[in-house]
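Structure first, commentary second.
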Amino acid sequence: NQWETTVNREQQLVGRRMRNIRRLMTKILNEKIPGDFIEVGVRKGGACIYVRAILAAYNARQRRVWVADLFTGLRDPNEAAYIADRVDIHHQFKEMAAPLEVVKTNFDRYGLLDEMVEFLPGPFQVTLPNAQIQELALLRIDVDTYDSAIQALDALYSKVVVQGFVVIDNYLLPGCRKAVDEFRHQHKISAP
């Protein structure tokens with residue numbers, strides 16, 4: 001049935017996403033690429049927990065895992081400022097919300113809630129520019145709207161080290177894709 005097909009497809013995507021994170025983090029650690037990890041838009045924290053577990057497995061204690069989200073669900077799109085977000089409906093799904101305490105509990109369940117994990121709760125335009133992040137080896141943006149994607153790129157792209165990586169999880173969504181494409185064009189970025 002259609003529900004099972006959708007669930008199976010989502011499980012396959014999650015598996016590919018996690019394998020990609022593992023591949024990138026392994027490369028970063030093996031090649032000693034400097035910098036921290038941040039995920040912008042974390043929902044329940046799964047990718048961040050996974051990265052923290054990889055760091056634990058490598059005994060890499062000098063890196064931070066930054067966890068950035070509203071932790072109250074998705075806000076209504078700012079359609080006046082970002083026309084590309086007019087068609088986005090993700091804010092209507094309240095199950096997308098995971099409070100900060102739930103995410104912390106998820107880290108703690110695996111024994112991974114420690115001083116290496118930094119939470120950035122609140123609107124991205126406030127938290128990201130003010131975060132005490134020096135360098136990023138991996139910037140993972142998992143947002144749905146133009147608004148959120150452009151704020152993440154504006155605040156964090158310049159902190160990605162030369163050999164670092166940027167992963168745009170929802171590039172297929174129109175608002176997110178438009179923000180990424182415009183940012184790349186504006187900054188003359190041609191690298192894949």
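- Side chains of Pro174 and Tyr146 form no contact here, defined as non-hydrogen atoms less than 4.5 Å apart.
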* Run the salt bridge (charged side-chain N to carboxylate O under 4.0 Å, His left out) check on Glu135 and Arg64 step by step: do they pass? -> CA-CA 10 Å; Glu135 294 180 315; Arg64 297 241 180 273; over 6 Å; no

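- Using a 4.5 Å heavy-atom threshold, the side chains of Val40 and Leu128 count as touching.
- Across Pro34 and Val161, no two heavy atoms sit closer than the pair O-CG2, 3.4 Å.
- For Lys44 and Asp69, the salt-bridge test fails: no basic side-chain N is under 4.0 Å from an acidic carboxylate O.
- The CG atom of Asn30 sits 6.5 Å away from atom OG1 of Thr26, with the distance rounded to the nearest 0.5 Å.
- Nearest heavy-atom pair across Cys48 and Glu39 is SG-OE1, 3.4 Å.
- At a threshold of 4.0 Å, the pair Glu115-Arg61 counts as salt-bridged, since one of the basic side-chain nitrogens sits closer than that to a carboxylate oxygen.
- Nearest heavy-atom pair across Ala47 and Ile21 is CB-CD1, 3.7 Å.
- At least one side-chain heavy atom of Met25 sits less than 4.5 Å from a side-chain heavy atom of Leu138.
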* To do: Determine, stepwise, if the pair Val167 / Leu139 fulfils side chain to side chain contact (heavy atoms under 4.5 Å, CB included).
  => CA-CA 6 Å; Val167 174; Leu139 164 60; over 6 Å; no

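- Val143 and Ala149 get closest at one heavy-atom pair: CG2-N, 3.5 Å.
- The closest side-chain heavy-atom distance from Lys104 to Val117 is not below 4.5 Å.
- No continuous path of hydrophobic side-chain contacts links Val126 to Val67 [ILVMFWY only; heavy atoms under 4.5 Å].
- Remark: Arg184 pairs with no residue by the side chain to side chain donor-acceptor pair (under 3.5 Å) rule, at least two apart or across chains.
- The shortest distance between side-chain heavy atoms of Leu29 and Leu55 falls below 4.5 Å.
- The line from CD of Gln186 to CG of Asp181 is 12.5 Å long, rounded to the nearest 0.5 Å.
- If you take SG on Cys176 and CG on Asp142, they are separated by 8.5 Å, rounding to the nearest 0.5 Å.
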* Before giving the answer on side chain to side chain contact (heavy atoms under 4.5 Å, CB included), spell out for Val102 and Phe71 the whole-Å C-alpha distance, their side-chain angles and the decisive distance to 0.1 Å. => CA-CA 9 Å; Val102 168; Phe71 299 106; over 6 Å; no

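- More than 12 heavy atoms of other residues, nucleotides or ligands lie within 6.0 Å of CD in Gln62, so this atom counts as buried by the packing criterion.
- The structure places CZ of Phe107 at 9.0 Å from CG of Asp114, a figure rounded to the nearest 0.5 Å.
- For CZ of Phe183, the number of neighbouring non-hydrogen atoms (other residues, nucleotides, ligands) closer than 6.0 Å is greater than 12.
- Between Phe165 and Phe37, a ring centre-to-centre spacing not shorter than 6.0 Å is recorded.
- Side-chain N or O atoms of Gln151 include one that pairs as donor or acceptor with a backbone N or O of Gln125 at under 3.5 Å.
- Annotation: the span from Ser148 atom OG to Phe124 atom CZ amounts to 5.0 Å, rounded to 0.5 Å.
- For Glu101, there are no salt bridge (charged side-chain N to carboxylate O under 4.0 Å, His left out) partners at least two apart in sequence or on another chain.
- Residue Tyr110 places its OH atom among 12 or fewer non-hydrogen atoms of other residues, nucleotides or ligands, all under 6.0 Å distant.
- Using a 4.5 Å heavy-atom cutoff, the side chains of Arg22 and Ile54 are in contact.
- With rounding to the nearest 0.5 angstrom, the CG atom of Leu113 is 8.5 Å from the OG1 atom of Thr105.
- Under the side-chain contact (heavy atoms from CB on, under 4.5 Å) test applied with Ile141, the options Asn170, Leu156, Ile168 reduce to a single match, Ile168.
- At a threshold of 4.5 Å between non-hydrogen side-chain atoms, the residues Phe119 and Trp66 do not count as touching.
- In summary, of the residues considered (Arg17, Arg43, Arg16), a salt bridge (charged side-chain N to carboxylate O under 4.0 Å, His left out) with Asp169 occurs for Arg17 alone.
- Counting heavy atoms from C-beta on, the side chains of Arg52 and Met116 come closer than 4.5 Å.
- With hydrophobic clusters built from ILVMFWY side chains whose heavy atoms lie under 4.5 angstrom apart, Ile28 shares a cluster with Met18.
- Listed by chain and number, the residues in a side chain to side chain donor-acceptor pair (under 3.5 Å) with Asn20 are Arg23 (sequence neighbours excluded).
- Contact record, Leu120 with Ala131: CD1-CB, 3.8 Å, taken as the closest heavy-atom pair.
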